[in-house]
Amino acid sequence: MTAPLVQSRFRVTGMDCASCAAKIEGTTLRIAGVAEAEVSVAAGTLVIRHAADADLGPLAGRLSPMGYALAPLASGGHGKAHGHGESCAGHDHAGHDHSDHDHAKHDHAEAGGHDHGAAPAAEGSWWSTGKARLTLLSGLALAVAFGIGTFVPAVQSWLYLAAMLVGLVPIARRAIAAAANGMPFTIEMLMTIAAAGAVIIGAAEEAAAVVFLFLVGELLEGVAAGRARASIRALTALVPKTALVERDGTTIEVPAASLIVGEVILVRPGDRISADGLIVAGESGVDESPVTGESVPVRKGPEATVFAGTVNGEAALRVRVTATAEDNTIARVVKLVEEAQEKRAPTERLIDRFSRYYTPGVVVAAALVAVIPPLLFGGAWDAWIYKGLAILLIGCPCALVISTPAAIAAGLSAGARRGLLLKGGAVLETAGKVTTVCFDKTGTLTQGRPQVTDVIAFARPEAEVLRLAAALETGSSHPLAKAILDRAAADAIAIPVAEAAQALGGKGVSAQVEGREVFLGSPQAAAGRAPLTQAQADRIAALNDAGKTVSLLVADGAIAGAIAMRDEPRPDAAEGLAALKREGIRTVMLTGDNRRTAEAIGRQLDIEVRAQLLPQDKLRIVGELQQEGAVVAKVGDGINDAPALAAADIGIAMGGGTDVALETADAAALHGRVKDISSMIALSRRTMGNIHQNIGISLGLKAVFLVTTIAGITGLWPAILADTGATVLVTLNALRLLSWGRA
């Protein structure tokens, strides 16, 4: 019997490109007992699945010469915690302190480090990194060589050789370290061969310039990648560091991270709310734009939910904490996105496999170009070797390899900032292919609670009907009673006192109100107390046909009036469904509710309806649609949606849904807006378009410069500019996705 695998997670510093990820993954897989390794450049993490007795201690020592440092992370729900933290944390990575697990930036320049420069705010500014200093030093050496060499030509070649070595020695050390770990065909090795070859054929000046341009390209690539990485982590800065908590009868200031569930905090006007919670006292407008992107403050009072990072408006609020700092809304967003970025998209995996054969192929092609013409056709050795070296540089796969992960990371981050969580690149790709979306009704297309839609006067005025009905329902927790009380509060109606109230099981409630016998209940029960006219019966039937629940009020032996209630559609439901239809996407309602109510909502929203379904029925229908060739997205918020969410090509949980739905789903619309489903699909399609653009840029530039190099039109300088330029263009193009959805 095979022993179960355990999982270890590490923070990796010094990486920001797909080439880095490939080297880290390859090195990790060479450790005995390691079964799988997943590297996320965007999240800066390494996830290893390995045998329980595997020794991960040597890993840090193998990665350090290549410029990467490890710091163990808590498993945080990812499986069994690893037991290798001490061995990994204890390694001296080129003399750097790794005790800070908060992504501290390490300087690997002196050790030939691969510190690409950029980092989130917590890692320091990009210009203070080792890679930035190495690039500057290489540039200064090149400038000095040019300046002195101009006046002393005799030493010019030696000066350019020295300038080249300033940058090339760290690059070569990384290349040798990668080769020692079974990866000889790296960008660093190609650069080392090309620069050394240029010196041998007397092109030291070009070799020095090529090395400098290579370092500049890596630095720019790092700056761009750092922006993508920092964009999501910046969310954590929204949560204040301190909170005012009520303890032992006094209000004291404590670190927000120390708050525990159940404590009550005071949020003053203008302050950011420091924890997820429920308002226990106070009413105020809350600016939720940092979390939801909605610019209009939401009016909130007792029992309303508030989120960490949102801003209180004009009045003080007392809030009962419902989630710790590690589990609040923003922390969950960051955690889910980082986990999602660890999961590669199918296109990314395809490009990775392609690059494993592509890079050796480039080396072989460059060698053939360098030797075949001189050997067979009498070409000049120095000219064709020069062209072969240029082809080495043109063929560097950096831009191609980063084309997909850069766009996926930016797309996931952009979605998260708008409350759209997609659990991995595969989900992001699939969303754009959806042809049918199946919606649950209650809590997804509708508000999830009944509301008073009609107050009808028969023997008494509308206001009187509502006033007496509210008196009867005061103190009740029934959803229909709460709907009546909410409507009375909204209409500012003064509710009289009901005496001798009595609940009549299955019929309604009766009481004495202002000396009169009053009853509120179903039409059948009311008809037993007072006769219904045909007009009244017709009106009630029409309301029922509209999917509304009707309660009749009887006062002094006569039908005083009627109150109709229904779980109404979300304000944006019609708009969201219309947006999907404009994209040619079929929409279907799958609900367990009765057919009459479901069809009434379906007519209002113009959506195909299938009603009175059990969870297994929803699962069956999703399967039938898939068999017809549809790519199905299932949207829901309840436990009964979980099987269908799991079976669909992409399951989407609505914000505020059950934990089961959120865990089962592939994606989540945190803010519960129907229009977010079309936004999610639009984001996927834009991301995939960006990936196709990136691949086109990468391969297109390489093809052009390959032809011009063989034709003798371009040389080493343009070759490295083509590679570096393509990498930077691809990364910057991907970063355009970060602005998606912003006003």
Test item: S698 side-chain N/O and N694 main-chain N/O as donor-acceptor pair under 3.5 Å
no
Which is it for Q693 and R736 under the side-chain hydrogen bond (donor to acceptor under 3.5 Å, both in side chains) test, yes or no, and what are the steps along the way?
CA-CA 12 Å; Q693 293 166 8; R736 292 191 305 116; 3.3 Å; yes
Do I601 and R566 come within less than 4.5 Å of each other through their side chains, counting heavy atoms only?
yes
Could you check R596 against Q612 for side-chain hydrogen bond (donor to acceptor under 3.5 Å, both in side chains), going step by step and ending with a plain yes or no?
CA-CA 10 Å; R596 184 175 61 186; Q612 294 177 304; over 6 Å; no
Any donor-acceptor pair under 3.5 Å linking the side chain of T27 with the backbone of I24?
no
To the nearest 0.5 Å, what is the distance between CZ (R685) and NZ (K433)?
12.0 Å
Basic-acidic side-chain contact under 4.0 Å: K618, D440
yes
Once you round to the nearest 0.5 Å, how far does CD1 of I650 lie from CD of E429?
11.5 Å
Working to the nearest 0.5 angstrom, can you tell me the gap between F705 CZ and I391 CD1?
13.5 Å
So, does T446 use its side chain to make a donor-acceptor pair with the main chain of G443 at under 3.5 Å?
yes
Is there a side-chain hydrogen bond (donor to acceptor under 3.5 Å, both in side chains) between D567 and Q447 once you walk through the steps?
CA-CA 6 Å; D567 182 12; Q447 301 277 16; over 6 Å; no
Which distance, rounded to the nearest 0.5 Å, do you find between the CG of L428 and the CE of M688?
8.0 Å
Short side-chain to backbone donor-acceptor contact, D276 and A308, under 3.5 Å:
yes
Salt bridge check: are E38 and R49 linked by an N-O gap of less than 4.0 Å?
no
Within-4.5 Å side-chain heavy-atom neighbours: V635 and M654
yes
Is a donor on one side and an acceptor on the other found under 3.5 Å between the side chain of R610 and the backbone of V588?
no
Stepwise, does the side chain to side chain contact (heavy atoms under 4.5 Å, CB included) test hold for I48 with L59?
CA-CA 11 Å; I48 307 173; L59 179 59; 3.8 Å; yes
Where do K23 and A178 come nearest, in terms of heavy atoms and distance?
CD-CB, 4.1 Å
Worked verdict on I585 versus T435 for side chain to side chain contact (heavy atoms under 4.5 Å, CB included):
CA-CA 5 Å; I585 296 172; T435 58; 5.9 Å; no
Exercise: identify the closest heavy-atom pair between A734 and N690:
CA-OD1, 3.5 Å
Minimal heavy-atom distance between G672 and R570, with the atoms involved, is O-NH1, 2.8 Å
Drop me the distance from E575's CD to L605's CG, to the nearest 0.5 angstrom.
12.5 Å
Mind listing the closest non-hydrogen atom pair of A323 and D327 along with its distance?
CB-O, 3.7 Å
Heavy-atom side-chain proximity of L613 to I621 below 4.5 angstrom
yes
Tell me whether Q604 contacts the main-chain N or O of A574 through its side chain, where contact means a donor paired with an acceptor under 3.5 Å.
no
Taking all non-hydrogen atoms of both residues into account, name the closest pair between G432 and S684 and its distance.
N-OG, 2.6 Å
Euclidean distance, D676 CG relative to L420 CG, rounded to 0.5 Å
5.0 Å
Does the side chain of L580 reach to within under 4.5 Å of the side chain of F439, using non-hydrogen atoms?
yes
Strictly distance-based, threshold 3.5 Å: is any side-chain N or O of R586 a donor or acceptor partner for the main-chain N or O of C438?
no
If every non-hydrogen atom of A667 is compared with every non-hydrogen atom of V427, which pair is closest and at what distance?
CB-CG1, 4.3 Å
